Amino acid sequence: MHAPASPHTVVVNGQPCVLPPKTSASATLLHVLRNDLSLNGPKYGCGLGQCGACTVLVDGVAARACVIPAQGAAGREVTTLEGLPARCGNGHGLHPVQQAFVDAQAAQCGYCLNGMVMMAVALLERNPDPDEAAVRRELSGNLCRCGTHVEIVRAVLRAAVLMREAQA
């Protein structure tokens, strides 16, 4: 991974990005990602860090971008949905978790999709062979409005298989 060049730099999807000088102390990481960097993977949902729609990886750990001050991300590495293919060494195409969500038809309205995918990536990087209970625990803090939970769990379990196959 890359080391940020300055305390006003955040590495986003492998690329150093200087925080815009106009970034206010109250601006969130989500605001900078969406409005300044045009990354639309993380979604604005509740603005309170409770729904999971804005989930990104910060230094490899799942985090809610809507409650992280943008200035607090300086010196850190942030991965958004758009950066997942490069994270697995596949700079093109889809990350195995993304592919598994497509295969399992685990998306409906898209509200929760970013958060579910990002939480699944974080889980599978820590635990490459989770059981269904572990997947459900990991995703329990992410809200899904349309009830595709069964397909989402199936997709995460499928992603675990795809990731293990890719490493073999």
Side-chain angles (χ1 to χ4, degrees), residues 1-102 106-107 109-128 135 137-145 152 155-156 159 163 166:
M1 299 271 173
H2 303 88
S6 80
H8 302 291
T9 301
V10 59
V11 175
V12 179
N13 297 331
Q15 300 298 313
C17 298
V18 176
L19 291 172
K22 67 182 187 318
T23 303
S24 74
S26 64
T28 65
L29 176 59
L30 179 62
H31 177 87
V32 169
L33 293 171
R34 290 185 61 84
N35 297 348
D36 297 321
L37 301 178
S38 298
L39 296 169
N40 294 318
K43 305 290 184 231
Y44 182 87
C46 67
L48 301 171
Q50 296 180 356
C51 72
C54 66
T55 303
V56 296
L57 302 179
V58 177
D59 294 335
V61 177
R64 311 300 173 128
C66 73
V67 294
I68 298 172
Q71 301 291 346
R76 314 291 292 275
E77 294 189 30
V78 176
T79 304
T80 68
L81 190 69
E82 295 89 346
L84 288 181
R87 189 174 182 85
C88 69
N90 174 11
H92 59 289
L94 298 174
H95 183 282
V97 173
Q98 292 169 307
Q99 185 61 56
F101 270 68
V102 171
C109 79
Y111 171 80
C112 71
L113 192 59
N114 174 78
M116 295 291 191
V117 169
M118 299 307 289
M119 291 299 291
V121 170
L123 168 65
L124 296 175
E125 287 182 357
R126 286 190 330 273
N127 177 2
V135 172
R137 270 191 311 277
E138 186 76 9
L139 301 179
S140 66
N142 289 63
L143 301 180
C144 174
R145 300 189 294 195
I152 290 169
V156 177
M163 290 176 74

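Note that the numbering runs from 1 along the sequence shown for the chain. None of the values given here were measured: they were computed from a predicted structure. Note: hydrogens, waters and symmetry copies are ignored here, and every other heavy atom, side chains too, is used.
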In Å, rounded to the nearest 0.5 Å, how long is the span from [atom1] of [X] to [atom2] of [Y]?
| X | Y | atom1 | atom2 | answer |
| --- | --- | --- | --- | --- |
| C17 | L33 | SG | CG | 8.5 Å |
| N142 | M116 | CG | CE | 5.0 Å |
| N40 | T80 | CG | OG1 | 9.5 Å |
| L81 | M118 | CG | CE | 6.5 Å |
| L37 | H31 | CG | NE2 | 10.0 Å |
| E82 | L39 | CD | CG | 4.5 Å |

For the residue pair [X] and [Y], establish whether any side-chain heavy-atom pair is separated by less than 4.5 Å.
| X | Y | result |
| --- | --- | --- |
| T79 | L84 | yes |
| R34 | C54 | no |
| L143 | Q50 | no |
| E138 | V156 | no |
| V12 | Q15 | no |

> For V58 and E77, what are the C-alpha separation, side-chain angles and deciding distance, and is it a side-chain contact (heavy atoms from CB on, under 4.5 Å)?
Replying inline: CA-CA 6 Å; V58 177; E77 294 189 30; over 6 Å; no

Shortest non-hydrogen contact from [X] toward [Y]:
| X | Y | value |
| --- | --- | --- |
| L29 | A73 | CD1-CB, 3.9 Å |
| V97 | A120 | CG1-CB, 3.8 Å |
| P16 | G14 | CD-O, 3.9 Å |
| A53 | Y111 | CB-O, 3.6 Å |
| T28 | C66 | CG2-O, 3.2 Å |
| A159 | P96 | CB-O, 4.0 Å |

> Given H95 and V117, is the side-chain contact (heavy atoms from CB on, under 4.5 Å) satisfied, shown in steps?
Replying inline: CA-CA 10 Å; H95 183 282; V117 169; over 6 Å; no

> Which is it for T55 and R64 under the side-chain contact (heavy atoms from CB on, under 4.5 Å) test, yes or no, and what are the steps along the way?
Replying inline: CA-CA 5 Å; T55 303; R64 311 300 173 128; 3.6 Å; yes

